[in-house]
Amino acid sequence: MESGLVLYNYELDDSCYRVRLALSLLGLEWRAVAVDVFPGKEHLSPPFLVMNPSGRLPILRDGDLVLHGTEAILAHLARSHDPSGKWLPAQGKEFAEVMQWLIFSAHDLGVTIEARQHSLFGTPGDETSLRAASSRAIRIMDDHMTARGFAQLEWFAAGHPTIADIALFPAFALSRDFGIDHDEHPALRRWARRFRTLPGFKTMPGIPDYH
């Protein structure tokens, strides 16, 4: 079995971008295996379905361990490869709030992925409904960060960035691809600018310049 970290990756996929962000922000060495998702649908081929029967990316191989599910991968990287323990606090209120936002990312923000794929690649879906549901989810995020700002707090779940911020950033940063007006979300704009200054931050196609 190959040692080290291997990410099965599609460059334009926002979930893969979340994992690439985590790997870079943690300063880890890793190797990417390019997967032809559009138009090739390689992620639905038998070798990939063995690794993830759900037929979705990203997939991470860490030595003998093969993981799928973006939030599970982020939690694994933080717990196994972050000696500081800051990216995933071990216990208490901060741990609970990180987990709360990871669940939000996995469920509520799924619609933003659908909206972006529909806009970019013409996948099935009703554009109006997808945009409305995405707007509601992003509004929840903006309202949260507005309240955090009043309390002089700059990050979603702790007094420092965590994997909650990594999980949430792409949904907002890429939302112009499906018609979300960033000017309507000033708290998220401020948070996104802070996020972009983190050591190891990497961008991807479709993320606008916040400066």
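Side chains included, hydrogens not; waters and symmetry mates left out as well; all remaining heavy atoms used.
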Under the 3.5 angstrom rule, does the side chain of [X] hit a backbone N or O of [Y] as a donor-acceptor pair?
X: Ser84; Y: Lys86; result: yes
X: Asp165; Y: Thr162; result: yes
X: Asp36; Y: Glu42; result: no
X: Ser119; Y: Ala115; result: no
X: Asn52; Y: His68; result: no
X: Tyr17; Y: Pro205; result: no
X: Arg18; Y: Thr70; result: no

Do Leu120 and Phe38 make a side-chain contact, defined as non-hydrogen atoms from C-beta onward lying under 4.5 Å apart?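 Of all side-chain heavy-atom pairs linking Phe38 with Leu120, none is under 4.5 Å.
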Any side-chain heavy atom of Val37 sitting closer than 4.5 Å to one from Asp13?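 Answer no - side chains too far apart.
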Once rounded to the nearest 0.5 Å, what's the spacing between atom [atom1] of [X] and atom [atom2] of [Y]?
X: Leu102; Y: His107; atom1: CG; atom2: NE2; answer: 10.5 Å
X: His185; Y: Ile138; atom1: NE2; atom2: CD1; answer: 6.0 Å
X: Ser135; Y: Ile180; atom1: OG; atom2: CD1; answer: 3.0 Å
X: Thr146; Y: Arg139; atom1: OG1; atom2: CZ; answer: 7.5 Å
X: Leu49; Y: Arg56; atom1: CG; atom2: CZ; answer: 11.0 Å
X: Leu130; Y: Phe178; atom1: CG; atom2: CZ; answer: 9.0 Å

Heavy-atom closest pair, residues Asn9 and Cys16: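 Shortest heavy-atom separation between Asn9 and Cys16 comes out as OD1-CB, 3.3 Å.
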Electrostatic pair Glu11-Arg20, nearest N-O below 4.0 angstrom: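 Counted as a salt bridge, because a side-chain N and a carboxylate O are separated by less than 4.0 Å.
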So does Asp183 pair up with Arg189, basic N to acidic O under 4.0 Å?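 Answer for the salt bridge query: yes.
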Please answer: with hydrophobic residues joined when any side-chain heavy atoms are less than 4.5 Å apart, are Leu198 and Ile163 in the same cluster?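 Yes; tracing contacts between hydrophobic side chains, which count when under 4.5 Å, links both residues.
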For the residue pair Phe156 and His144, is the inter-centroid distance of their aromatic rings smaller than 6.0 Å?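 When the ring centroids of Phe156 and His144 are compared, they turn out to be within the sub-6.0 Å range.
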Sub-6.0 Å ring centroid separation between Phe195 and Phe172: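 Not under 6.0 Å, so no.
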